Number of protein chains: 2
Amino acid sequence: MDEQTLTAALARAESLCAERGVRLTAQRRRVLELVCRAERPVGAYEILDQVRDGGKAAPPTVYRALDWLLAQGLVHKLETLHAYIGCTHPEHPHASQFLICSGCGCVAELEDAAIAGSLQSAAEETGFQPSRPVVEVLGTCSDCSDKRRNDR
Amino acid sequence: MDEQTLTAALARAESLCAERGVRLTAQRRRVLELVCRAERPVGAYEILDQVRDGGKAAPPTVYRALDWLLAQGLVHKLETLHAYIGCTHPEHPHASQFLICSGCGCVAELEDAAIAGSLQSAAEETGFQPSRPVVEVLGTCSDCSDKRRNDR
DNA sequence: TCAAAGACGTAACTGTATAACGATCGCATT
DNA sequence: AATGCGATCGTTATACAGTTACGTCTTTGA
């Protein structure tokens, strides 16, 4: 995320939290900034290392901030990578799906109604009530496919 | 999994491995049995504890067996739980989806064409080539919903 | 029979996440 | 201003998950 987008994202987070009457504290803002600044998913201990420069910190500091940011929908956790990314549209709660490239590590966040719908239908059939759908597709992004093709 | 189903599952695993010309060794069989015997997903260290009774073992012992069983499609890994379950239909390779109950911990394995299809379509749109789709829906199973209703 | 590949034992280590407890901060009410 | 309370934060320790590296033994096929 470039500097401009980052500033915008943080400003948006500020105003969202103000609306909601929740506190985006310095720690939380710091962690959010670090997550957003990275182009790719970042691990909790990567964040921790960066938080440590210029201040003390231990794992719970980072995990608490991450848990809160997750609850606010400002970041997402990628279960398959044990890593976190900034949410691209935190305005409304949503069920996201992720396309994760094993080649370059890039991640695309989708909000696909057809996927959400098919999950919902399948769940209904068995009387299951979904609360948190986790959809992460590992594979190869188009850029990496192209590179491979050119290499041959 | 009850004793009868378990025996059947192990027998089926035996014959599958024979067909494929791969070796279901004592260790692997042991781990498969422990995973299948459990009604619910089991963590690697839970397995390790059980393998330790009556023999020595260290983490690599269990992880090697699990990796091999995963590759053979005899067990699945649930990324959101860091835990493993026996596959309900190991005969053919397949993309499964899981419904995971946060109440009782039970897991239903689906093989839903509509879900797989919608994932495939969404990926194609962006030129993404899926290799391993991970679909795990956390929520509440019908039994647990019923219990909650009755409690009120 | 004997080398190569596969499977296993072992020790040490990295990485991910949580428990528990006390101190502190922000803020509304007295 | 002082009090009280919930939310936040600091700190230590530890649980849980997974890997590296290396040596030994077993299986198997030339």
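Chain identifiers are assigned alphabetically (A, B, ...) following the order of the sequence lines, protein sequences preceding nucleic acid strands; residue numbering begins at 1 within each chain. Every value quoted in this text rests on a predicted model; they were computed, and no experiment measured them.
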| Plane angle bin for A:H76 and A:H94 - parallel if under 30°, tilted between 30 and 60°, otherwise perpendicular |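 Geometry flag for A:H76 against A:H94: perpendicular rings.
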
What is the distance, to the nearest angstrom, from the [atom1] atom on [X] to the [atom2] atom on [N]?
X: B:D67; N: C:dG6; atom1: CG; atom2: C1'; answer: 15 Å
X: A:R52; N: D:dG10; atom1: CZ; atom2: C1'; answer: 12 Å
X: A:R23; N: C:dC25; atom1: CZ; atom2: P; answer: 12 Å
X: A:E46; N: C:dT14; atom1: CD; atom2: P; answer: 17 Å
X: B:E79; N: C:dA17; atom1: CD; atom2: P; answer: 12 Å
X: B:Q27; N: D:dT27; atom1: CD; atom2: P; answer: 13 Å
X: A:L48; N: C:dT14; atom1: CG; atom2: C1'; answer: 14 Å
X: A:L66; N: D:dC9; atom1: CG; atom2: P; answer: 12 Å

Is any side-chain N or O of [X] closer than 4.0 Å to OP1 or OP2 of [N]?
X: A:T25; N: D:dT8; answer: no
X: B:H82; N: D:dC16; answer: no
X: B:T61; N: C:dC8; answer: no
X: B:R64; N: D:dG18; answer: no
X: A:Y84; N: C:dT16; answer: no

| field | Earlier contact from the 5' end, DNA chain C, for A:A83 and B:A65 | value |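 Nearer the 5' end of the strand: B:A65.
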
| message | On DNA chain C, compare the nucleotides closest to A:K77 and B:R28; which residue's is nearer the 5' end? | response |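 Final value for this comparison: B:R28.
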
| message | Just so I know, are the side chains of A:V107 and A:L99 near enough to count as touching, which here means a heavy-atom distance under 4.5 Å? | response |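 Side-chain contact under 4.5 Å: no.
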
| query | Heavy-atom count around B:Q4 CD within 6.0 Å, excluding the residue itself: above 12? | reply |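 No, not enclosed.
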
| task | Give a yes or no answer on whether the side chain of B:Q72 reaches the backbone of B:L69 with a donor-acceptor pair at less than 3.5 Å. | result |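 Answer holds: no.
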
| Toward the 5' end of DNA chain D, by each residue's nearest nucleotide, A:K56 or B:L81 |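 The answer here is A:K56.
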
| field | B:Y45-D:dC16 aromatic stacking (under 5.5 Å, under 30°) | value |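 Aromatic stack with D:dC16 absent for B:Y45.
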
| query | Of the nucleotides D:dG18, D:dT11, C:dA17, which one has an atom closest to the side chain of A:A58? | reply |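 Of the options given, the side chain of A:A58 lies nearest D:dT11.
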
| Can A:I85 and A:L78 be said to form a side-chain contact (heavy atoms from CB on, under 4.5 Å), step by step? | CA-CA 8 Å; A:I85 56 169; A:L78 299 174; 4.2 Å; yes

